[in-house]
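Structure, as structure tokens:
Values reported hereafter were calculated over all heavy atoms of this structure, with side chains retained and with hydrogens, waters and symmetry mates removed. Naming convention: chains lettered A, B, ... in sequence-line order (proteins, then strands); numbering from 1 in each chain.
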Number of protein chains: 2
Amino acid sequence: MDALTINEAAETTGWSPRMLRYIERMGLVEPERSTGGYRLYGPGELQRLRTLRGLLDEHGLALGEVGFARRMQHDDALRTTVEDWLEAEPSRPAHVPADDWLTWEQDKHERLVAEAARRADTTASNLTETL
Amino acid sequence: MDALTINEAAETTGWSPRMLRYIERMGLVEPERSTGGYRLYGPGELQRLRTLRGLLDEHGLALGEVGFARRMQHDDALRTTVEDWLEAEPSRPAHVPADDWLTWEQDKHERLVAEAARRADTTASNLTETL
DNA sequence: GTAACCTTGACACGATCGTGGTAAGGTTAC
DNA sequence: GTAACCTTACCACGATCGTGTCAAGGTTAC
């Protein structure tokens with residue numbers, strides 16, 4: 001059985017078991033189930049979980065945002081509606097983004113990066129190196 | 001001066017002045033400014049604000065989500081990174097979305113629609129029909 | 001010039017997000 | 001068969017979101 005249970009997956013990926021369930025709820029990583037209902041994380045899922053961590057840290061994203069991106073990708077009506085709305089920006093010459101927005105985003109990014117750093121040492125790493 | 005000030009814009013669009021400022025912060029609708037710093041909403045912005053309301057209600061979206069979609073559209077690195085991650089879903093035959101996720105999203109949608117309904121009657125409508 | 005409106009900034013407050021814990025019960029491995 | 005692990009379902013808690021209100025001060029219209 002080359003698949004890890006939730007606690008094993010948690011240890012190799014650095015996510016808590018709690019968060020693995022949450023991530024599944026978001027539709028981001030949905031492991032197979034054993035006949036008894038246990039989650040079974042294969043190499044694909046494990047890799048995905050690790051890159052997810054990087055994805056979030058790199059751009060200061062939240063899980064909900066990635067979940068939303070996924071939803072947009074799967075729901076054509078949603079995606080086109082949103083894109084149409086966004087593309088219809090009123091004519092503004094040389095669209096200079098509000099400074100406010102920029103610094104706001106930067107602050108958010110810093111907060112999230114700090115958070116990531118705090119979390120980094122908690123990320124133990126041993127157990128079956130299944131990848 | 002065929003542009004409305006924030007309170008006038010609020011009345012014609014149904015958003016509160018407070019929310020118009022918030023929406024601006026999100027980078028979703030950024031009106032011009034008078035020399036003295038007053039926000040000036042032109043027909044384009046007003047239309048955009050009205051369709052924004054529809055956009056949110058129709059798909060049960062939150063402002064932050066549209067803001068995120070906008071950010072993804074403007075930030076190439078962000079968009080491609082997220083898209084790449086999403087496209088690399090581990091091979092799952094006939095991807096059946098977790099029922100849990102579905103009902104969860106439905107619940108959320110219902111909540112937001114209910115919210116929208118509650119808000120609908122508060123949406124007065126008089127003032128300069130500038131569109 | 002003054003009344004009515006606008007600006008930013010702060011405090012507030014319920015709802016949701018991200019996370020952890022715990023309880024009651026089923027599954028797996030040996 | 002039993003110890004160790006898993007499941008779902010709750011309660012909790014700080015942080016952020018969406019929204020309102022208020023204060024101190026500048027702008028606009030007449």
Side-chain angles (χ1 to χ4, degrees), chain A residues 1 3-11 14-26 28 31-41 52-53 56-57 60-68 98-101 103-105 107-112 114-116 118-119 122-123 127-128, chain B residues 1 3-11 14-26 28 31-41 52-53 56-57 60-68 98-101 103-105 107-112 114-116 118-119 122-123 127-128:
Chain A
M1 181 182 310
L4 305 188
T5 60
I6 195 169
N7 270 290
E8 297 166 332
E11 283 195 62
W15 292 103
S16 68
R18 182 67 163 80
M19 287 314 292
L20 291 184
R21 298 199 183 93
Y22 188 67
I23 289 169
E24 182 177 5
R25 239 165 101 85
M26 296 278 193
L28 296 180
E32 294 286 354
R33 297 298 189 112
S34 77
T35 49
Y38 281 26
R39 290 174 181 79
L40 296 175
Y41 292 86
L52 176 58
R53 164 57 48 64
L56 298 186
D57 291 352
L61 297 186
L63 281 174
E65 291 175 320
V66 183
F68 173 63
D99 298 311
D100 195 28
W101 161 259
T103 56
W104 189 42
E105 277 303 294
D107 287 355
K108 181 181 175 190
H109 190 264
E110 277 159 29
R111 283 200 314 277
L112 288 171
E115 180 80 6
R118 185 184 59 66
R119 207 161 34 197
T122 318
T123 308
L127 202 67
T128 48
Chain B
M1 182 181 312
L4 305 188
T5 61
I6 195 169
N7 270 290
E8 296 165 333
E11 282 195 64
W15 293 103
S16 68
R18 180 65 162 83
M19 288 313 293
L20 291 184
R21 298 200 183 95
Y22 189 66
I23 289 168
E24 182 176 2
R25 237 165 103 86
M26 296 277 193
L28 297 180
E32 293 287 354
R33 296 300 188 110
S34 77
T35 49
Y38 281 27
R39 291 174 179 79
L40 295 176
Y41 291 87
L52 176 58
R53 165 57 44 65
L56 298 186
D57 291 353
L61 297 186
L63 280 174
E65 292 174 320
V66 183
F68 173 63
D99 298 311
D100 192 30
W101 161 258
T103 55
W104 188 43
E105 277 302 295
D107 287 355
K108 179 180 175 190
H109 191 263
E110 277 159 30
R111 284 200 312 276
L112 288 171
E115 180 81 5
R118 185 184 59 66
R119 206 162 33 197
T122 318
T123 308
L127 201 67
T128 49

Quickly work out the [X] [atom1] to [N] [atom2] distance and round it to whole Å.
| X | N | atom1 | atom2 | value |
| --- | --- | --- | --- | --- |
| B:L61 | D:dG18 | CG | P | 11 Å |
| A:E24 | D:dT7 | CD | P | 8 Å |
| A:I6 | C:dG20 | CD1 | C1' | 14 Å |
| B:M26 | D:dT19 | CE | C1' | 11 Å |
| B:Y22 | D:dT21 | OH | P | 17 Å |
| A:E8 | D:dA4 | CD | P | 15 Å |
| B:R25 | C:dA10 | CZ | C1' | 13 Å |
| B:L40 | C:dC5 | CG | C1' | 13 Å |

Taking only the side-chain heavy atoms of [X] (C-beta and beyond), determine which of [options] contains the nearest atom.
| X | options | result |
| --- | --- | --- |
| B:M19 | C:dG18, C:dT8, D:dG18 | D:dG18 |
| A:S16 | C:dT7, C:dG20, D:dT7 | C:dG20 |
| A:R21 | D:dC5, C:dT8, D:dT7 | D:dT7 |

Original post:
If each of A:P17 and A:S34 is mapped to the nucleotide of DNA chain C with the nearest heavy atom, which maps nearer the 5' terminus, i.e. the 5' end?
Top reply: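 Closest to the 5' end, via its nearest nucleotide, is A:P17.
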
Original post:
Could a donor-acceptor pair under 3.5 angstrom be found where the side chain of B:R18 meets the base of D:dT21?
Top reply: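 Looking at the base of D:dT21, it does pair with a donor or acceptor on the side chain of B:R18 (distance under 3.5 Å).
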
**OP:** Please confirm whether any donor atom in the side chain of A:Y38 sits under 3.5 Å from an acceptor in the base of D:dC5, or the reverse.
**Re:**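 Check passes, donor-acceptor contact within cut-off.
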
Pair assignment for [N], Watson-Crick or G-U wobble, requiring both distances under 3.5 Å:
| N | value |
| --- | --- |
| D:dC22 | C:dG9 |
| C:dA29 | D:dT2 |
| C:dT19 | D:dA12 |

Subject >> 5' precedence on DNA chain D between B:G36 and B:G64 (nearest-nucleotide basis) >> reply: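 First, find each residue's nearest nucleotide; the 5'-ward one identifies B:G64.
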
Original post:
B:L63 or B:G37: which one's nearest nucleotide on DNA chain D is closer to the 5' end?
Top reply: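 Of the two residues, B:L63 wins.
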
Original post:
Rounded to the nearest 0.5 Å, how far apart are CZ of B:R25 and CE of B:M19?
Top reply: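 If I round to the nearest 0.5 Å, the distance is 11.0 Å.
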
Subject >> From CG (A:L63) to OH (A:Y22), nearest 0.5 Å >> reply: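 Between A:L63 CG and A:Y22 OH, I get 6.5 Å after rounding to 0.5 Å.
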
**OP:** Compare every heavy atom of B:E65 with every heavy atom of A:F68, then report the nearest pair and how far apart it is.
**Re:**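 Result for this residue pair: CE2-O, 3.1 Å.
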
Subject >> Side-chain N,O (B:T35) to OP1/OP2 (D:dT27) below 4.0 Å >> reply: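 Looking at the OP1 and OP2 atoms of D:dT27, neither is under 4.0 Å from any side-chain N or O of B:T35.
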
Original post:
Closer than 4.0 Å, any side-chain N/O of A:R39 to the OP1 or OP2 of D:dT8?
Top reply: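 Yes, such a contact exists.
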
Between [X] and [Y], is any pair of side-chain heavy atoms under 4.5 Å apart?
| X | Y | value |
| --- | --- | --- |
| B:E11 | B:L4 | no |
| A:I6 | A:R21 | yes |
| B:E8 | B:T5 | yes |

